[in-house]
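A short write-up of the structure that comes next.
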Number of protein chains: 2
Amino acid sequence: MNYKNSHTLILNNIARFIDLTELEKKKYLSLLTEIKVKKKAFLMKAGDVTKYEYFITKGCLKVYTIGEDGAPHISMFAIEDYWTGDMVSFMTKEPTHYFIKATEDSELLGVSRANYDLLFHEIPKFERFYRMLYQRSLVSYIKRSNHGLSLTAEERYIEFKMKYPKVINRITQKDLAGYIGITPEFMSKIITKVNRR
Amino acid sequence: MNYKNSHTLILNNIARFIDLTELEKKKYLSLLTEIKVKKKAFLMKAGDVTKYEYFITKGCLKVYTIGEDGAPHISMFAIEDYWTGDMVSFMTKEPTHYFIKATEDSELLGVSRANYDLLFHEIPKFERFYRMLYQRSLVSYIKRSNHGLSLTAEERYIEFKMKYPKVINRITQKDLAGYIGITPEFMSKIITKVNRR
DNA sequence: TAAAAGTCTTAAACTAGTTCATTTTTTTTC
DNA sequence: GAAAAAAAATGAACTAGTTTAAGACTTTTA
């Protein structure tokens, strides 16, 4: 079968964990919603109840909360082939605490809550897919949160640079500071220092 | 049916997400291994390849890594009705980076890797159970890591006290410092300060 | 039950990271 | 392509948390 780029991307993503028949692929694709977000536009704002889980097929988005002091804390940058959204709001139907903003013109595929539930019913293999997806995310969160605490900001920066070379030159230094957990001023100092070497 | 305490505890834990028939309960219990650990003994040491995922039926354990500087970083305290272990090592069969040490005489039920795989085959409902368990853990990790960064050590202490009142008086101040991510000395100052109010 | 080992407290000197204010550089927009 | 807006750099004064060291209190073990 011939699929369009975005569909090939998401099917390959799923094929990491489960094999689907042609019929199942078709069925699955029929449950997806195509979404476009212009640069600087919001995919989600704190207070919204999230309608979708998103898979990014093009572009770059930042996922963040606003702390009590008003400072943004960025929890992830998401580019092509990443899943994003707010699982808590999606699951509980409570309003989200997150903002998701496109930092480039972006295209996504969304799975609505109704279709998510339907999916497990129609193609039970997806229980396995999500079990494994969540398992993996959990592992990387655990690693990140353990790691994060014991490293200095400079070490966290160097690590980020190594780990996400594709991401680092698509985001601002200010947003990177929001991710690393420091002020933009200190981020600037660190970068100057590290690059001087 | 009449089950022993530890079995009732784990069955109730599972019943949060899926319903099992009597036959399935029996089958499931037959896949578990009973484990006892004395206070100060290790359930797991960095370098080991983890053989089990654990459910605690009695006692208290601390899960931690040793940072490059030699300082322990505690990632969780686990008491009765908690699941613990190292998912990464369990899944990948790579050596773990974790230490798990009993801080009280403890009793656990273990699911071996072979039985974990068997479980999905014999009782496919367990895909759902683990999907939901991981989903939940993910949510609390995300919350914790977002939250953690934006709060001061004092705020993190107050929060821990509110959230885990059962745990706080079963652990030492030093271990609590290792969890909050500060030195024992500074932990002491904070506690003195907060309790003076 | 005494001694050893570990935990907690206090305090002074220190450091990683913040805050605020100003200037320069880059990006956006009309 | 000029003006406006946003991002980045730099520096000085400040603060949360660390380090080191020493004494008091508790728990463990022989």
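Numbers restart at 1 for each chain; the letters A, B, ... are given by sequence-line order, proteins then strands. Quick note: numbers below take in every heavy atom, side chains included, and nothing from hydrogens, waters or symmetry partners.
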- prompt: Can you list the steps and then say if B:L29 with B:L11 is a side chain to side chain contact (heavy atoms under 4.5 Å, CB included)?
  reply: CA-CA 9 Å; B:L29 294 175; B:L11 290 175; 4.1 Å; yes
Candidate nucleotides D:dT29, D:dG17, C:dC20, ranked by approach to the side chain of B:T152 - the nearest: D:dG17
query: Knowing that exactly one of A:Y179, A:Y164, A:Y64 qualifies, which makes a ring pair (Phe, Tyr, Trp, His ring centres under 6.0 Å) with A:F77?
result: A:Y179
task: Would you mind checking if A:K27 and A:E24 are paired as a salt bridge, meaning a charged N to carboxylate O distance below 4.0 Å?
output: no
statement: When rounded to whole Å, the CG to P distance for the pair A:D105 and C:dT28 reads 11 Å
- prompt: Given atom NZ of A:K193 and atom C1' of C:dT15, what is their separation to the nearest angstrom?
  reply: 12 Å
query: Looking at B:E22 and B:K25, does any basic side-chain N land under 4.0 Å from a carboxylate oxygen?
result: yes
- request: Just grab all the side chain to side chain donor-acceptor pair (under 3.5 Å) pairs involving residues 5-18 of chain A, residues at least two apart or on different chains.
  value: A:N13-A:R16, A:N13-A:D81, A:N13-A:W83
- prompt: Rounded to the Å, how far apart are B:I191 CD1 and C:dT10 P?
  reply: 12 Å
- prompt: Taking the six-membered ring of B:F17, is the NZ or CZ of B:R136 close enough (under 6.0 Å from the centre) and on axis enough (within 45°)?
  reply: no
message: Tell me the interatomic distance from B:I190, atom CD1, to C:dT10, atom P, rounded to whole angstroms.
response: 14 Å
- request: Please report, rounded to the nearest Å, how far the P atom of C:dG17 is from the NZ atom of A:K189.
  value: 11 Å
query: Mapping B:F186 and A:F186 to their closest nucleotides on DNA chain D, which lands nearer the 5' end?
result: A:F186
task: Find the distance B:L176:CG to C:dC8:C1' and express it as a whole number of Å.
output: 13 Å
- request: Kindly say if B:S188 contacts the phosphate of C:dC8, meaning a side-chain N or O under 4.0 Å from OP1 or OP2.
  value: no
query: Axis-to-axis angle across the helix from C:dT1-D:dA30 to C:dC30-D:dG1, five pairs an end, to 10 degrees?
result: 60°
query: So, is A:Q173 near the phosphate of D:dA6, with a side-chain N or O under 4.0 Å from OP1 or OP2?
result: no
- prompt: Whole Å only: how far is the NZ atom of A:K39 from the C1' atom of C:dT27?
  reply: 8 Å
- prompt: Rounded to the nearest Å, what distance is computed from the CD1 atom of residue A:I182 to the P atom of nucleotide C:dT15?
  reply: 20 Å
- prompt: Under 4.0 Å: is that the gap between some side-chain N or O of B:T183 and OP1 or OP2 of D:dT19?
  reply: no
When the side chains of residues 45-58 of chain A are checked against the rest of the protein, which donor-acceptor pairs come out under 3.5 Å, sequence neighbours left out?
| unit_1 | atom_1 | unit_2 | atom_2 | d |
| --- | --- | --- | --- | --- |
| A:D48 | OD2 | A:K45 | N | 2.9 |
| A:T50 | OG1 | A:S89 | OG | 3.0 |
| A:T57 | OG1 | A:E107 | O | 3.0 |

- prompt: Mapping B:E185 and B:K174 onto DNA chain C by nearest heavy atom, which one lands closer to the 5' end?
  reply: B:K174
